[in-house]
Asks: 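First the structure, which I've put down as structure tokens, then a few questions once you've had a look.
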Amino acid sequence: MIDRSKDFFGDMNDIIVARRLTKRFGHFTAVDAVDFHIKQGEVLGLLGPNGAGKTTTIKMMTGLLRITSGSVWVKGYEVTKNLNKIKKFIGYMSQKFSLYPLLNAYENIEFCGGVSGVPRKIIKEKKELITKEIPREILTQRVKDIPPGIRQRVALFSCLISDPEIILLDEPTSGVDPEVRREFWAKIYDLKKKGKTILVTTHNLDEAEYADRILIIHKGRIILDGEPSELMRAEKAESMERLFRKAVTGHEAN
């Protein structure tokens, strides 16, 4: 159940709301007063080039970075005041796959489950479950020695071990081949069918159309927000690449 405090700014269907969210590092503004929302059960793509502010935005949403100004609300709870509560709702897969390279896959799963408060019995069941998908001889290798595609699968599995309602995936398909990317998006759709809310950051334009809705971020500002097909139609862009270039060029001209 979503808590609706008197200060909550979102719509009834919004599970995440950001208002004037800003992050400065000294004189550099990485995220510049952005407003956005994510609806419950939605797959949102946060699209932008490297350095656009995608990772910084996610880290503020999870409490990993201090917010300079503005606010983020998760399930009606303001992040800076309710960090322990919102951590229970969120699964986060970072840009580097969130795994410790010198531990093997099983050890990573045990660690993620332990810090998330998952009972040992459930962690054991989860380890048995992943063994049905990936051979044990691979899962007992150090993570740094296993192929990127399998590393990605282990990272997602670890992210989901606490069965979070909200899943934040930061560049999850970076460095893997197109076939692995397609398989990964199939998993995202499976999670959506289970009612999960998912935010995926990417700089791969061909992935954007998989999302229910996209935000394009450039130089720390949200410059476009909407359903991919509707945005392309409204902007008379025949492809996502053309839409992206048009949005960025227009933003830089202003």
Asks: Where the side chain of Thr140 meets the backbone of Glu137, is there a donor-acceptor pair that is under 3.5 Å apart?
Replies: yes

Asks: Out of Arg213, Lys192, His37, which one pairs with Glu42 under the side-chain hydrogen bond (donor to acceptor under 3.5 Å, both in side chains) rule?
Replies: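 Of the listed residues Arg213, Lys192, His37, the side-chain hydrogen bond (donor to acceptor under 3.5 Å, both in side chains) partner of Glu42 is Arg213.
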
Asks: Heavy atoms only: give me the nearest Cys159-Ile167 pair and the separation to one decimal.
Replies: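 So the two residues come closest at SG-CG2, 4.1 Å.
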
Asks: Is a donor on one side and an acceptor on the other found under 3.5 Å between the side chain of Asn204 and the backbone of Glu207?
Replies: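 A pair under 3.5 Å: no.
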
Asks: Return the minimal non-hydrogen interatomic distance between Arg24 and Ser69, and the atom names on each side.
Replies: NH1-OG, 4.4 Å

Asks: Would you compute the distance between atom CD of Gln40 and atom NZ of Lys75 and round it to the nearest 0.5 angstrom?
Replies: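 Here the rounded value is 7.0 Å.
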
Asks: Determine whether Asp14 and Trp73 make a side-chain contact, defined as any pair of heavy atoms from C-beta on separated by less than 4.5 Å.
Replies: no

Asks: Of all the heavy-atom pairs spanning Ala208 and Leu47, show the shortest one and how long it is.
Replies: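 What the structure gives for the nearest pair is CB-CD2, 3.9 Å.
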
Asks: Decide whether Glu171 and Thr173 meet the rule of one side-chain donor and one side-chain acceptor closer than 3.5 Å.
Replies: no

Asks: Apply side chain to side chain contact (heavy atoms under 4.5 Å, CB included) to residues Leu191 and Leu160 and explain how you reach the verdict.
Replies: CA-CA 10 Å; Leu191 291 166; Leu160 300 176; 3.8 Å; yes

Asks: Do Gln152 and Met93 come within less than 4.5 Å of each other through their side chains, counting heavy atoms only?
Replies: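 Heavy-atom side-chain distance check passes, below 4.5 Å.
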
Asks: When you measure from the side chain of Asp212 to the backbone of Val43, do you find a donor-acceptor pair of N or O atoms at a distance under 3.5 Å?
Replies: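 A pair under 3.5 Å: yes.
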
Asks: Going by heavy atoms in the side chains, are Leu21 and Val34 under 4.5 Å from each other?
Replies: yes

Asks: Does OH belonging to Tyr189 count more than 12 external heavy atoms closer than 6.0 Å?
Replies: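 Yes, OH of Tyr189 has more than 12 neighbouring heavy atoms, counting only those of other groups under 6.0 Å.
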
Asks: For residues Thr80 and Arg66, determine if any side-chain heavy atom of one lies less than 4.5 Å from a side-chain heavy atom of the other.
Replies: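 Thr80 does not reach Arg66 side chain to side chain.
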
Asks: What distance do Tyr210 atom OH and Met240 atom CE have between them, rounded to the nearest 0.5 Å?
Replies: 11.5 Å

Asks: Same cluster or not: Ile138 versus Val154, using hydrophobic residues (I, L, V, M, F, W, Y) connected whenever any side-chain heavy atoms lie under 4.5 Å apart?
Replies: yes

Asks: Consider only side-chain heavy atoms of I, L, V, M, F, W and Y, link residues closer than 4.5 Å, and tell whether Met60 and Phe25 are in one cluster.
Replies: yes

Asks: Does the side chain of Ile134 reach to within under 4.5 Å of the side chain of Phe157, using non-hydrogen atoms?
Replies: no

Asks: Could you list the donor-acceptor pairs under 3.5 angstrom formed between side-chain atoms of residues 120-130 and any protein atom two or more places apart in sequence or on another chain?
Replies:
{"residue": "Lys127", "atom": "NZ", "partner": "Glu110", "partner atom": "OE2", "Å": "2.4"}

Asks: Going through the checks in order, is the side chain to side chain contact (heavy atoms under 4.5 Å, CB included) test met by Leu102 and Lys144?
Replies: CA-CA 7 Å; Leu102 298 182; Lys144 74 180 187 68; 3.9 Å; yes

Asks: Check Glu179 with Arg182, please: is the shortest side-chain N to carboxylate O separation under 4.0 Å?
Replies: yes

Asks: Please set out all donor-acceptor pairs under 3.5 angstrom arising from side-chain atoms of residues 214-224, sequence neighbours excluded.
Replies:
{"residue": "His218", "atom": "NE2", "partner": "Glu252", "partner atom": "OE2", "Å": "3.1"}
{"residue": "Arg221", "atom": "NE", "partner": "Asp32", "partner atom": "OD2", "Å": "2.7"}
{"residue": "Arg221", "atom": "NH2", "partner": "Asp32", "partner atom": "OD2", "Å": "2.9"}

Asks: Would you call Pro164 and Ile90 a side-chain contact if the rule is heavy atoms closer than 4.5 Å?
Replies: no

Asks: Check the hydrophobic clustering (I, L, V, M, F, W, Y; side-chain heavy atoms under 4.5 Å; chains of links allowed) and say if Phe89 and Ile58 are grouped together.
Replies: yes

Asks: Would a single hydrophobic cluster contain both Leu103 and Ile146, if residues Ile, Leu, Val, Met, Phe, Trp and Tyr are joined by side-chain heavy-atom contacts under 4.5 Å?
Replies: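 No, it is not one cluster - the side chains of Ile146 and Leu103 are not joined through contacts under 4.5 Å.
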
Asks: Is it true that, when you exclude Lys196 itself, more than 12 heavy atoms of the residues, nucleotides or ligands shown sit nearer than 6.0 Å to its NZ?
Replies: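 Count over threshold, so yes.
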
Asks: How close do Ser239 and Met232 get, counting heavy atoms only, and between which atoms?
Replies: C-SD, 3.4 Å

Asks: From Leu46 CG over to Leu169 CG, what is the distance, rounded to the nearest 0.5 angstrom?
Replies: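 One gets 12.0 Å once the value is rounded to the nearest 0.5 Å.
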
Asks: Please tell me if the side chains of Thr197 and Ile38 come closer than 4.5 Å, counting only heavy atoms from C-beta onward.
Replies: yes

Asks: Which value, rounded to the nearest 0.5 Å, describes the distance between Leu156 atom CG and Arg151 atom CZ?
Replies: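 Between Leu156 CG and Arg151 CZ, I get 14.5 Å after rounding to 0.5 Å.
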
Asks: Could you tell me whether a side-chain N or O of Thr29 sits under 3.5 Å from a main-chain N or O of Val31, the two making a donor and an acceptor?
Replies: no

Asks: Does Tyr100 share a hydrophobic cluster with Ile161, counting links as ILVMFWY side-chain heavy atoms below 4.5 Å and allowing steps through other members?
Replies: no

Asks: Checking side-chain polar atoms at under 3.5 Å, does Asp170 have a donor or acceptor matched by the opposite partner on Ser94?
Replies: no

Asks: Nearest 0.5 angstrom please: Leu168 CG to Thr201 OG1, how far?
Replies: 9.5 Å

Asks: Could you walk me through whether Thr55 and Thr57 pass the side chain to side chain contact (heavy atoms under 4.5 Å, CB included) check?
Replies: CA-CA 5 Å; Thr55 296; Thr57 298; over 6 Å; no

Asks: Taking atom CG of Leu64 and atom OG1 of Thr56, what is their separation to the nearest 0.5 Å?
Replies: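 With rounding to 0.5 Å, CG (Leu64) is 11.5 Å from OG1 (Thr56).
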
Asks: In sequence, state the C-alpha distance, the side-chain angles, and the governing distance for Ile166 and Ile15, and then conclude on side chain to side chain contact (heavy atoms under 4.5 Å, CB included).
Replies: CA-CA 9 Å; Ile166 301 165; Ile15 196 167; 3.8 Å; yes

Asks: If you compare all heavy atoms of Asn104 against all heavy atoms of Val143, which two are closest, and at what distance to 0.1 Å?
Replies: C-CG2, 4.0 Å

Asks: Below 4.0 angstrom, N of the basic side chain to O of the carboxylate: do Lys187 and Asp190 qualify?
Replies: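 Here Lys187 does not pair with Asp190 in a salt bridge, since their nearest N and O are not under 4.0 Å apart.
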
Asks: Looking only at heavy atoms, which two atoms of Lys54 and Pro49 are closest? And how far apart?
Replies: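 Shortest heavy-atom contact: NZ-O, 3.0 Å.
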
Asks: Flag the pair Met61 / Leu199 as yes when at least one side-chain heavy-atom distance between them is below 4.5 Å, and no otherwise.
Replies: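 Yes, side chains in contact.
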
